[in-house]
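I have placed the structure first, in the form of structure tokens, so that the comments after it can refer back to it.
Just so we're on the same page: letters track the sequence lines, and every chain starts at 1.
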Number of protein chains: 2
Amino acid sequence: MGQVAGEASPASRRRGPGARESILDAIRAAGRLSRVELAAITGLTEAAVSMTVRRLLEEGLVVETGRTPTGGKPRTLLRLDPAARLAVGVYLDRDTTTYVLTGQTGGVISRLARPAPTGDLLSHLAADIDVLLAGSGVDRARCLGVGLVWPGPRSGVARLDDTPPHLRGWDGEQLGRDLAAAAGWPVLVENNATAAAVGEYWVARVGPERAFAALYMGSGIGAGIIVDGRAMRGGHGGAGEFGHVCVLVDGPECWCGSRGCLEALAGPRAVVAAALADPAAAAEAGLDPGAARRGAATDFAAIARAARAGAPRCLALLEDSARYVAAAAESVVNLLDIDLVVLTGPGFAAASFVYGPAIMRRVGVADARTWRRSVTVTVSLAAATASATGAAALVLQSHLRR
Amino acid sequence: MGQVAGEASPASRRRGPGARESILDAIRAAGRLSRVELAAITGLTEAAVSMTVRRLLEEGLVVETGRTPTGGKPRTLLRLDPAARLAVGVYLDRDTTTYVLTGQTGGVISRLARPAPTGDLLSHLAADIDVLLAGSGVDRARCLGVGLVWPGPRSGVARLDDTPPHLRGWDGEQLGRDLAAAAGWPVLVENNATAAAVGEYWVARVGPERAFAALYMGSGIGAGIIVDGRAMRGGHGGAGEFGHVCVLVDGPECWCGSRGCLEALAGPRAVVAAALADPAAAAEAGLDPGAARRGAATDFAAIARAARAGAPRCLALLEDSARYVAAAAESVVNLLDIDLVVLTGPGFAAASFVYGPAIMRRVGVADARTWRRSVTVTVSLAAATASATGAAALVLQSHLRR
DNA sequence: CCCACATTCTTAAGCTACTGAACGAAGTCC
DNA sequence: GGACTTCGTTCAGTAGCTTAAGAATGTGGG
């Protein structure tokens, strides 16, 4: 009889992601690869690689780029043409809208930042996308579409409390459809945390074998989770509510209606509120409790700057918040057997020097003692643009696999 | 230009699960279906359905079973032959080993329970599997293999603290390989919580559109999570450590090395310990603090029985535990946008009358107020065998799709 | 009874994406 | 210049589907 004890067996020629996608992904991850290497990595036959690569060369997605000597015939190396296909990523933040033009390799070709629009959202976005494309001087025919990142869910309305005024009332799907009509491009909408995770996955060359979570701090806290190379969007596309993981059973009430949510205890708004309530901390951070409040993200960044500069009260506030975040991060890591935690978004970009070590300390103990694994905690290298890049990556991905 | 705003578009003829699997799944879910209906449900062509069904009929997996009149030619209905292919599910519990023989439809054909073996684990298992098959009088050629459920991870060793003595030191993969050799069947190893989730998914006809979590209480607490019809096993197959979700940042130290873990605060062992520390509760449940301890699951069941019979101290203990479990459940639901929570395993089977309502209460508030979703909490109808059935289902699944 | 008509299922030809195996190409080493 | 090595391509299948046409099997009307 058989003696299989694990996964798939001989007939493992199971339906994978398709040759095109596998090959593009492998080259993107490795930078440059020969056809034989591709065959080895993807598990495809050399014949299949050869045929698929020829088509990719014809389409201009891939170019040959030198050769490496071997014992016999040298290998011809292949790389992606970064500008063969492009996509625009738009990141709708509270007070800034960031536009990014990205190519196949994930690099930012061109960037544009504007204050958040006050009037008609759609026409502003459409106009700015045009400006970005015109200013970068690329062939518009190569642009495949627009990825739109916002703090709300992929489809459905953003929660009122946490949403910048100019985005209130919008539904993700609706926004996508309307912008597609207004701008004349295919539009894909994504949540900011998920987009950030996709961006890291795409740009930072995280392999599909690593299960990872991108923790995102903007004016709230979210998590984008990628396992087996697939973004987890949950039942109705509303996954990633990291801010509403409970870290204190009977903690203070959260605006969501529950108790002890991470966001209520340790989110940027909670940190800012604590700083405003503490005159010493407010002074350190240069916050004026009387003044009209800017976004939580802005005030939070001020506190982080002060803490980094050595302000003790601000540092204490962040350390306190980090304790909670670390506990919630540990929950996620344990629940999903996560390998890699990436801190991203403006909040963590400003304060990772506190949150990173806190998470590592918390996860490290049980990690070594019990789970025999080793979780890596890193800080995104492109926290400011990761989301926008991720959204653009989703657009590219969806078109390139075909 | 295009106006795509969501998922895949025209070329949605994307590589799905394969006709065979789709068709079998559709019939299993619906009970009886005609070919046209199958085409509509699976999205395949009628031609493809026809061909695939013919092969399934030849293999005996599917049988025709009557017809329904229409305006024209009546439909021939198809159903699965429950006994066409079989698999054995083995559930290694602390003091009992349960064997289940399951067919294509998930029904239990035959069952066997034995005290946990004390001597050589493998030979006991192999012998009992033989007994089960012999006793049920089925054709051994129809049996595809054995699914083995244990409290440890799919591959890797079970954590010492939580493992019944006869399983200590085993590694999941090793156990599978060795049992395959000893019993002469292909063996697949799975964690009990994940297996329970698969069992629910398979038996209780949960559709792949629902993201669901099976919370499992045995001598510890775990969660099996299924999203998009796929079990989440995480980076190294160690996902589902629901018991080590943190519900109290600075809670008591857990044996895992961290603090405030659900299991340390509210797991069955914690509940039993609390009952032993409280003479009134111990008396209600008939626990003798001086006696040698049986498994936590057994003592916990005694407490649950007492509570159900009206014992106030025991009820209070469970209510207290349920508060924590509910908070952790809410975390999972929020993090992964879970639709459906199923309570299963001996612990929840005994005490669901407390835990079910507690989870519903906790999740319900924010659900209605903020998330505009509606999470269902149910109790498994076959909590005792769900795990074993699930493991058998995995074996069947892996063979049937080919 | 026989003939539209509706509907279900089957058959045949073709397409896509891959595999296997043989072969051509382009180097190195002696 | 020939043997050898390694890389890449070509060609003929094959699996699994699709599209398009047609066969089977019922209904209701004259």
Is there a side-chain contact between [X] and [Y] in this structure, where contact means two heavy atoms from C-beta onward sitting under 4.5 Å apart?
| X | Y | answer |
| --- | --- | --- |
| A/V138 | A/C143 | no |
| B/L86 | B/L133 | no |
| B/R28 | B/L400 | yes |

Residues which pass salt bridge (charged side-chain N to carboxylate O under 4.0 Å, His left out) with B/R20, listed by chain and number, not counting sequence neighbours: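 So B/R20 forms a salt bridge (charged side-chain N to carboxylate O under 4.0 Å, His left out) with B/E59.
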B/E190: partners by salt bridge (charged side-chain N to carboxylate O under 4.0 Å, His left out), with sequence neighbours left out: B/R154, B/R233
Any B/T76 side-chain nitrogen or oxygen under 4.0 Å from OP1 or OP2 of C/dC9: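 So the side chain of B/T76 is within the cut-off, an N or O lying under 4.0 Å from OP1 or OP2 of C/dC9.
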Phosphate contact (D/dG26 OP1 or OP2) by B/R75 side-chain N/O below 4.0 Å: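 For D/dG26, OP1/OP2 do not have a side-chain N/O of B/R75 under 4.0 Å.
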Could you go through nucleotides 27-30 of chain C and list every protein N or O atom that sits under 3.5 Å from one of its N or O atoms, giving the distance for each pair?
| unit_1 | atom_1 | unit_2 | atom_2 | d |
| --- | --- | --- | --- | --- |
| C/dG27 | OP1 | A/R67 | NH1 | 3.1 |
| C/dT28 | O4' | A/G71 | O | 3.3 |

I need the [atom1]-[atom2] distance between [X] and [N], as an integer number of Å.
| X | N | atom1 | atom2 | answer |
| --- | --- | --- | --- | --- |
| A/E46 | D/dC11 | CD | C1' | 16 Å |
| A/L33 | D/dG8 | CG | C1' | 15 Å |
| A/E37 | D/dG8 | CD | C1' | 13 Å |
| A/L78 | D/dC7 | CG | P | 13 Å |
| B/M51 | C/dA12 | CE | C1' | 11 Å |

With sequence neighbours excluded, residues passing side-chain contact (heavy atoms from CB on, under 4.5 Å) with B/E21: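 For B/E21 the side-chain contact (heavy atoms from CB on, under 4.5 Å) partners, ignoring immediate neighbours, are B/P17, B/D25, B/R401.
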Contact summary for B/D81 and B/G60, nearest pair of heavy atoms: CB-O, 3.6 Å
First encountered from the 5' end of DNA chain C, between B/A48 and A/T45: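 It is B/A48 whose nearest nucleotide is closer to the 5' end.
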Within 6.0 angstrom of B/L57 CG, more than 12 heavy atoms from elsewhere: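 Yes, enclosed.
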Which pairs of donor and acceptor atoms, one on a side chain in residues 29-39 of chain A, lie under 3.5 Å apart (sequence neighbours left out)?
| unit_1 | atom_1 | unit_2 | atom_2 | d |
| --- | --- | --- | --- | --- |
| A/R32 | NH1 | A/T65 | O | 3.2 |
| A/S34 | OG | A/E37 | N | 3.3 |
| A/S34 | OG | A/E37 | OE1 | 3.1 |
| A/R35 | NH1 | A/T76 | OG1 | 3.2 |
| A/R35 | NH2 | A/E64 | OE2 | 3.1 |
| A/E37 | OE1 | A/S34 | N | 2.7 |
| A/E37 | OE2 | A/R75 | NH1 | 3.2 |

Closest to side chain of A/R35, choosing from C/dT19, D/dT19, D/dT9: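 Looking only at side-chain atoms, A/R35 lies closest to D/dT9.
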Sub-4.0 Å heavy-atom contacts from residues 54-61 of chain A onto DNA chain C, ordered by number: A/R55
